[in-house]
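Structure first, then comments.
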Amino acid sequence: MGKILMKGNEAFGEGAVRAGCRFFFGYPITPQSELPHYLARRMPEVGGLYLQAESEVAAINMVYGAAAAGARVMTSSSSPGISLMQEGISYIACAELPAVVVNIMRGGPGLGNIAPSQSDYFQAVKGGGHGDYKLPVLAPSTVQEIIDLVELAFELADKYRNPAMVVGDGFLGQMMEPVELGPVPDVQLPAKTWATTGTAGRNTRNIINSLYIEPEELEKVNLRLQAKYQEMEITEKRWEEYRLEGASLVLVAFGMVARIAKAVVDKLRAEDIPAGLIRPITLYPFPDLPVKSAAETAKSFLVVEMNAGQMVEDVRLAVEGLRPVHFYGRTAGMLTTVAEVTAAAKEIWEVLK
Amino acid sequence: MGKILMKGNEAFGEGAVRAGCRFFFGYPITPQSELPHYLARRMPEVGGLYLQAESEVAAINMVYGAAAAGARVMTSSSSPGISLMQEGISYIACAELPAVVVNIMRGGPGLGNIAPSQSDYFQAVKGGGHGDYKLPVLAPSTVQEIIDLVELAFELADKYRNPAMVVGDGFLGQMMEPVELGPVPDVQLPAKTWATTGTAGRNTRNIINSLYIEPEELEKVNLRLQAKYQEMEITEKRWEEYRLEGASLVLVAFGMVARIAKAVVDKLRAEDIPAGLIRPITLYPFPDLPVKSAAETAKSFLVVEMNAGQMVEDVRLAVEGLRPVHFYGRTAGMLTTVAEVTAAAKEIWEVLK
Amino acid sequence: MPQVFFDKERCKGCELCISVCPKKIITLSQEINSLGLHPAAITDGSKCTGCGFCFFVCPDLVVTVLREEETDG
Amino acid sequence: MPQVFFDKERCKGCELCISVCPKKIITLSQEINSLGLHPAAITDGSKCTGCGFCFFVCPDLVVTVLREEETDG
Amino acid sequence: MLEEVLLAGFGGQGILSTGMVLAYAAMAEGLHVAWIPSYGPEMRGGTANCGVTVSDTPISSPFVAEPTTLIAMNQPSLEKFETAVVPGGLLLYNASLVSRGVTRYDLRTLAIKANEEAEKIGNVRVATNVMLGAFLEITGVVSLASAVKALEKVLPAHRHKLIPANQRALEAGAWVAREAGMNITGRTTV
Amino acid sequence: MLEEVLLAGFGGQGILSTGMVLAYAAMAEGLHVAWIPSYGPEMRGGTANCGVTVSDTPISSPFVAEPTTLIAMNQPSLEKFETAVVPGGLLLYNASLVSRGVTRYDLRTLAIKANEEAEKIGNVRVATNVMLGAFLEITGVVSLASAVKALEKVLPAHRHKLIPANQRALEAGAWVAREAGMNITGRTTV
Amino acid sequence: MAVSLKRTEGLTNKPFHYCPGCTHGIIHRLVAETLVELGILERTVGICPVGCAVFAYEYFNCDMIQAAHGRAPAVATGVKRTLPDRVVFTYQGDGDLAAIGTAEIVHAASRGEKITTIFVNNAVYGMTGGQMAPTTLLGQKTTTTPYGRRPADAGFPLRVAEMLATVQGCAYVARVAVNSPKNILRAKKAVRRAFEIQLEGLGFTLVEVLSTCPTNWGLSPPEAMRWLEKKMIPVYPLSEFKVPEVEKQC
Amino acid sequence: MAVSLKRTEGLTNKPFHYCPGCTHGIIHRLVAETLVELGILERTVGICPVGCAVFAYEYFNCDMIQAAHGRAPAVATGVKRTLPDRVVFTYQGDGDLAAIGTAEIVHAASRGEKITTIFVNNAVYGMTGGQMAPTTLLGQKTTTTPYGRRPADAGFPLRVAEMLATVQGCAYVARVAVNSPKNILRAKKAVRRAFEIQLEGLGFTLVEVLSTCPTNWGLSPPEAMRWLEKKMIPVYPLSEFKVPEVEKQC
Ligand SMILES: Cc1ncc(C[n+]2csc(CCOP(=O)(O)OP(=O)(O)O)c2C)c(N)n1
Ligand SMILES: Cc1ncc(C[n+]2csc(CCOP(=O)(O)OP(=O)(O)O)c2C)c(N)n1
Ligand code: SF4
Ligand code: SF4
Ligand code: SF4
Ligand code: SF4
Ligand code: SF4
Ligand code: SF4
Ligand SMILES: [Mg+2]
Ligand SMILES: [Mg+2]
């Protein structure tokens with residue numbers, strides 16, 4: 001097919017189709033609407049289902065049902081809608097069902113606005129819902145990467161029998177970039193012997209459940225979940241390093257902001273300031289390894305986010321006081337521009353050098 | 001009235017009544033049911049309203065409405081129900097309304113069980129809902145302290161025009177202890193000139209809102225919110241120190257677990273192991289000061305929680321790598337007993353000494 | 001002749017069967033089952049009409065009734 | 001005689017008033033208002049019956065109608 | 001003084017309210033006290049137990065993980081908690097519903113046919129108070145009179161007519177303990 | 001080569017799709033490209049603008065905060081974005097809807113009565129493509145032919161009948177730019 | 001005597017942000033005029049939804065609260081219970097009320113909350129770009145029913161007034177339309193009746209108003225009015241579905 | 001020929017955890033027998049609620065899913081859309097379905113989801129300790145209406161069957177009771193009819209079953225049966241409120 005120009009939101013949809021996802025349940029919300037619009041048209045073309053739920057609460061529980069029945073299934077929303085899904089996500093995590101949730105974050109809190117934002121980082125990685133659970137959280141920064149990471153999200157979800165999340169911001173959803181699309185692959189989904197599909201042909205009943213009334217039982221479940229998360233922390237950390245060689249000032253940024261940060265690094269390097277960038281691709285598990293090893297040689301960190309400072313805590317936890325960790329952020333959809341971030345970086349550099 | 005024996009859950013209710021709260025909206029859930037039962041009987045006695053909502057989502061939005069109309073208002077629930085309130089809490093924070101939310105945490109994730117737990121720490125302090133907002137989060141550890149902290153929660157809510165949360169676990173809710181209750185005070189609520197009560201007698205319209213479609217506007221709101229949070233971080237950190245003098249091994253624990261930790265400290269001290277305890281009373285703002293100053297003299301920290309390790313991150317952020325921070329926790333309602341924690345502490349001590 | 005059996009270990013002694021038996025031939029026995037409850041029992045099986053009322057109302061699957069099918073069933 | 005006024009700066013040129021005027025005396029003017037739209041205007045005010053239809057359907061509070069009350073109002 | 005009492009049995013035996021009687025009585029006598037139930041699944045029935053801590057200094061942990069006294073009202077409770085009692089602690093069990101008996105011989109143990117005692121009084125539901133009476137007689141943690149007064153607080157007004165029966169239960173338990181001798185070190189059945 | 005073009009105007013002027021025409025054409029010529037709209041409030045109407053980045057190396061930031069070229073389709077857009085253009089950058093504005101003119105004299109500026117040009121072609125909605133034609137003529141970022149081909153991609157099938165009009169708009173813009181001379185350094189009105 | 005039809009002081013001077021010909025504006029006027037005519041404007045608190053009417057707090061000339069999507073009836077409950085002598089209304093779209101807010105509206109009705117709900121049914125999600133609403137007609141094309149609404153995938157139009165009329169706490173439920181001067185006058189009467197019944201304390205009141213969305217229907221405003229009449233009214237008949245018992249008897 | 005009334009293989013051997021005399025057990029039996037009689041047990045997926053029936057996955061002898069409180073119809077939708085040839089049912093209490101789950105049940109009905117809902121109305125929240133449900137009768141004392149349910153605070157009983165019968169996607173809605181052998185037999189017929197209509201693919205089906213909660217009503221099981229008959233049925237009349245069009249005609 002060659003390259004085509006695609007909107008980020010549509011790429012989330014096409015990525016799902018290419019990952020073999022044939023079931024989508026969602027509820028409209030800006031700035032992710034092109035995603036359901038795309039799938040409402042696209043799913044019937046591939047024999048799949050687009051179903052508009054009566055709410056985000058219903059949508060996430062439809063996802064729970066479809067996942068229980070063995071489907072590769074996705075939902076998507078934006079910040080307030082994702083807040084409404086927290087109980088359901090916690091259930092899916094405890095019942096150990098694979099599913100993918102997309103959050104195209106917008107300005108908050110409250111109704112806020114529809115401008116791009118990254119202010120649901122904590123919600124995504126620390127567990128916005130109740131209980132000790134974690135989701136692999138992936139943060140693409142280009143339209144092409146959306147396609148790739150949506151596919152990865154489905155794989156991780158199946159591998160760990162755990163919901164996975166892909167996050168973007170309104171800009172990533174709205175922008176268009178070329179993507180390389182081959183023919184739609186014929187995805188062979190892994191067999192799901194645990195799915196509730198009716199007992200026919202089986203001599204056991206399958207049960208999907210998150211109730212364990214005896215603490216001893218529920219603790220076992222929690223230990224199993226924690227073991228999974230530890231396994232993820234060993235196996236699944238992903239990040240991109242950009243011009244880190246000899247970097248004294250290390251920027252850390254994810255998603256669209258990482259692209260701004262790259263431009264900043266280029267600008268700084270052009271002025272002979274040895275800057276580099278670590279771009280977490282998985283927000284959970286957080287790639288602390290490159291941060292820790294950068295902390296050994298770099299002099300200072302600058303975390304850039306479109307929020308009031310969230311991932312910066314994970315960076316601080318990784319740096320463990322070894323180096324100063326600075327933060328630059330704008331909230332509410334105000335863009336952190338190349339010029340602003342460059343200025344912030346230079347200020348730090350002035351003190352450092 | 002002298003001392004009476006009271007259930008923790010009832011103390012939450014009586015504390016609210018004594019704080020001048022006359023409006024309660026809630027939805028039943030174990031293990032906090034005695035709270036609504038108590039208020040269903042008690043509110044009519046003091047001319048107040050107990051209203052059972054159709055869901056937790058409705059309850060938190062009724063709270064939003066009552067707070068907008070100027071009421072001192074409370075809701076309560078337990079973990080899954082609190083997850084459902086996340087959108088509403090984010091709205092209340094953005095609209096800057098005072099209200100109190102009680103979470104009697106139970107074993108999670110999912111439906112989990114009804115056993116006591118502390119596994120909603122992250123949700124409470126990092127923001128389970130979308131956007132950059134914070135709640136003062138108070139964690140009583142005795143029934144008497146419930147009464148006091150519920151009152152404080154209402155004061156903080158009004159002072160900052162911000163929702164406040166009081167958290168406990170199932171045991172705190174179910175246990176009985178003596179409380180000292182004077183006559184019900186005649187609370188004078190602060191005037192709320194911003195409340196939407198009808199324009200009569202005013203020449204401006206009052207509007208309660210969390211929509212700021214222009215990023216510039218919403219950023220202003222966010223900056224105002226962040227300034228409030230900074231003010232809270234300066235003014236509102238509260239904690240208890242127990243036998244910290246000369247403590248080489250510092251335990252950190254909150255709520256009911258802190259009582260176990262106290263017994264552990266006593267046991268260790270009795271065996272000449274210099275242990276002490278920091279008990280955060282405010283979980284947000286987290287009392288990093290005592291942790292930081294303890295980090296200068298203590299050799300090691302042991303954080304004890306009834307979860308898989310949540311507050312430990314805030315302790316680590318405060319300790320900044322200066323000392324090892326250990327964690328001992330049980331999940332799913334499994335009690336961290338005095339014996340277990342003592343054993344864990346001794347193991348650490350063996351290495352330290 | 002119809003026959004009726006009670007699985008006493010499942011019985012919770014709720015007395016619903018007693019309240020509907022048209023022949024009043026069910027009582028709670030003095031015995032105690034493993035649930036610590038007095039289970040239902042038949043006093044005079046020969047009076048049983050096989051109407052099945054006890055079966056229908058029993059919430060705990062205690063009762064079995066064997067009977068002949070009605071002629072025009 | 002009834003009088004009708006259009007606040008042209010509020011008019012969005014939706015033509016709803018035009019579609020209901022029984023006298024067909026409303027059109028969009030050639031003029032452009034500050035919204036960049038052609039506002040509605042009256043062609044022949046003398047024909048206006050003061051029926052108020054234009055007022056009722058206008059979603060943007062553009063229209064004012066002055067009229068005598070009916071005798072048995 | 002620190003007494004950590006675990007009362008265990010099944011729902012309907014009045015475990016929780018007997019624990020409260022102890023707690024109220026101790027509070028009335030100026031002691032520190034905490035009462036904590038193990039609350040069960042979101043449904044009726046099943047087991048019931050509660051821990052009561054009584055102390056002359058403030059109570060840190062209110063959890064009764066290693067009781068100084070276990071009052072076991074039936075077989076499963078005895079089996080479940082017997083091993084948790086501190087060495088040298090006190091074990092009172094309801095011999096009416098315990099068939100197999102105890103396995104620990106380092107405890108001061110008293111078996112009381114509490115159901116029978118209660119049925120003598122005319123109400124099997126006061127059995128747990130029989131046990132409490134014995135406990136008070138043996139330990140003297142609070143006076144029997146305080147416990148009797150506490151009944152008023154624990155029983156709702158419309159149940160105050162049951163106070164005499166409960167009082168008799170307390171007294172019967174105390175009598176049994178007295179009869180069995182105060183320094184019980186082995187197994188004794190009355 | 002790095003061109004960062006900001007197209008700005010109001011909804012209905014075809015700002016977004018003209019930006020897409022540029023993006024598609026550049027992609028077809030093998031260049032790196034990113035198209036990003038400023039998306040407005042959750043409702044109809046209002047302003048519309050989009051940034052198109054075209055580069056021969058991978059694009060890091062796709063945001064056009066400091067455009068190398070501004071195409072301003074009305075007065076408010078000109079006022080809002082004029083100051084953002086990089087020094088020495090290119091400014092094309094729609095003189096049909098701009099009355100006050102420009103305030104920066106360090107830009108290469110071309111004023112085009114795009115609405116009039118478009119009305120000549122018979123469709124005022126092609127005005128923004130007039131501007132694009134001029135832009136392409138001046139900068140040569142991509143060929144006019146590529147832009148014409150891109151129309152097929154951007155316009156939905158049922159609007160392909162509008163391709164000729166849009167093509168004429170592109171050509172008209174190019175002609176205007178040619179007529180105005182390629183190296184425009186001051187203000188020129190055609 | 002000279003009377004005039006003119007802008008009501010129940011509305012601020014702020015021009016509506018609605019699309020040209022969108023009948024949200026007409027409905028705003030009817031509500032605002034009623035508040036003024038009943039002399040209750042300054043003791044009214046209005047709740048606006050998430051939907052195209054989200055900015056209604058800028059238009060209604062009284063105290064206003066912006067509620068989370070679908071939760072206006074819960075917010076209104078909080079207000080009315082706190083201030084029982086105030087007049088409280090919610091203004092909600094069909095996505096807001098009939099989809100995400102179904103539980104809240106049913107239970108506000110069932111509790112007999114003494115509030116008035118103005119329910120704007122335009123058969124589509126206006127604000128978010130024309131997606132299917134629960135009220136979308138069969139066959140109707142929207143951005144999420146690109147092939148037309150098909151019952152097999154997307155179910156049937158939900159008749160809210162009929163449904164709520166079965167709920168005991170409901171004192172008044174009517175469906176009106178704003179597609180013609182005549183219907184607009186009738187709509188006004190229903191709105192007024194609803195507020196009067198609120199003032200009488202008889203229970204929950206709701207007026208469902210069939211409204212247009214020319215933008216997302218892809219029609220000119222006058223065409224949209226005709227579409228409403230020809231397509232919507234047959235599916236959503238205009239009627240009073242519930243009136244207080246006393247009135248029924250006379 | 002000897003026939004017998006005996007335990008159905010539609011249920012496992014696990015004894016129910018329900019209180020003595022709780023009619024949840026009867027309703028379980030009716031559903032399980034129906035699944036066996038229709039020969040669909042091994043292609044059925046059941047969804048249990050949060051409520052006393054939360055453990056129903058231990059009893060129904062088929063694949064089972066435990067759903068979040070109130071969300072069983074959404075979960076069922078996910079299952080049925082994924083596996084359209086399977087039989088899907090939800091089993092829900094009145095807190096679960098008629099309070100927190102109102103939106104989900106209304107919209108499963110409105111979409112005409114081809115599932116069967118068994119709605120157990122016992123006028124109370126059983127599991128959590130006897131709080132008021134939307135279906136609690138006026139005057140009824142519960143742990144959250146200690147002075148009896150008063151409409152002014154707590155609203156009116158919600159009649160779910162009547163309400164859902166107005167919803168187009170609904171193919172079958174009936175209310176039955178399990179307070180006597182006769183009513184139990186009728187209830188069985190309704191349950192069977194509902195599953196048959198699901199198999200025919202005609203739309204959403206729901207059977208509301210009036211059930212007892214002796215524990216929280218504070219009555220002995222036989223008293224509870226009488227209370228159901230005397231107090232509940234007058235408020236919740238037994239009837240078929242909706243049957244498929246075809247049947248109506250003949
Ligand atoms: C929780 C949540 N979900 C979704 C949205 C997005 N959203 C905004 S308005 C709207 C629907 C508007 O439709 P309707 O209620 O019919 O009002 P209209 O615009 O048609 O008047 C939606 C889904 C949101 N803001 N919050
Ligand atoms: C989100 C959430 N809210 C509340 C609860 C607590 N809860 C458990 S069961 C139940 C109600 C049960 O009542 P009903 O549905 O009538 O079932 P019954 O027990 O009467 O059969 C509630 C409120 C919960 N588990 N999850
Ligand atoms: S079958 Fe009928 S007659 Fe026989 S025991 Fe049962 S209820 Fe009585
Ligand atoms: S109805 Fe069943 S459980 Fe109840 S007493 Fe009779 S046999 Fe026992
Ligand atoms: S009042 Fe009637 S006749 Fe006069 S302009 Fe308006 S619609 Fe036409
Ligand atoms: S109805 Fe109003 S807005 Fe529309 S054209 Fe007429 S005057 Fe203008
Ligand atoms: S989108 Fe539709 S409902 Fe919204 S303002 Fe425009 S026409 Fe009205
Ligand atoms: S609490 Fe009520 S509904 Fe629940 S099992 Fe007991 S009797 Fe049945
Ligand atoms: Mg709408
Ligand atoms: Mg119930």
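To find a chain, count down the sequence lines: A is the first, B the second, and so on, and within it residues start at 1.
Heavy-atom distances place the side chain of G/E33, and not its backbone, under 4.5 Å from chain D. For a residue to count as touching a neighbouring chain, one of its non-hydrogen atoms must lie under 4.5 Å from one of that chain's; by this rule G/L185 touches chain D with the side chain only. D/V4 does not touch chain G: none of its heavy atoms, backbone or side chain, sits under 4.5 Å away. Looking at D/V57, the atoms closer than 4.5 Å to chain G (heavy atoms on both sides) sit in the backbone and in the side chain alike. Proximity to chain G (any heavy atom under 4.5 Å) is restricted, for D/C58, to the backbone atoms N, CA, C and O. The part of G/L11 that comes within reach of chain D is its side chain, from C-beta onward, which places non-hydrogen atoms under 4.5 angstrom from that chain. Looking at D/S19, the atoms closer than 4.5 Å to chain G (heavy atoms on both sides) all sit in the side chain, from C-beta outward.
In this structure, D/R10 and G/K14 approach most closely via the heavy-atom pair NH2-O, 3.6 Å. Across every non-hydrogen atom of G/P20 and D/C14, the tightest pair is C-CB, 3.7 Å.
Put simply, the side chain of D/K12 gets close to the backbone of G/Y18: a donor and an acceptor are under 3.5 Å apart. The backbone N or O of G/L5 sits nowhere less than 3.5 Å from a side-chain atom of D/R67 that would complete a donor-acceptor pair.
Of all the listed residues (D/V63, D/V62, D/V65), the one sharing the greatest number of non-hydrogen pairs under 4.5 Å with chain G is D/V65.
Residues G/R29 and D/F56 have side chains in contact (heavy-atom distance under 4.5 Å, counting atoms from C-beta outward). Side-chain contact between G/M225 and D/V20 is absent, with no heavy-atom pair separated by less than 4.5 Å.
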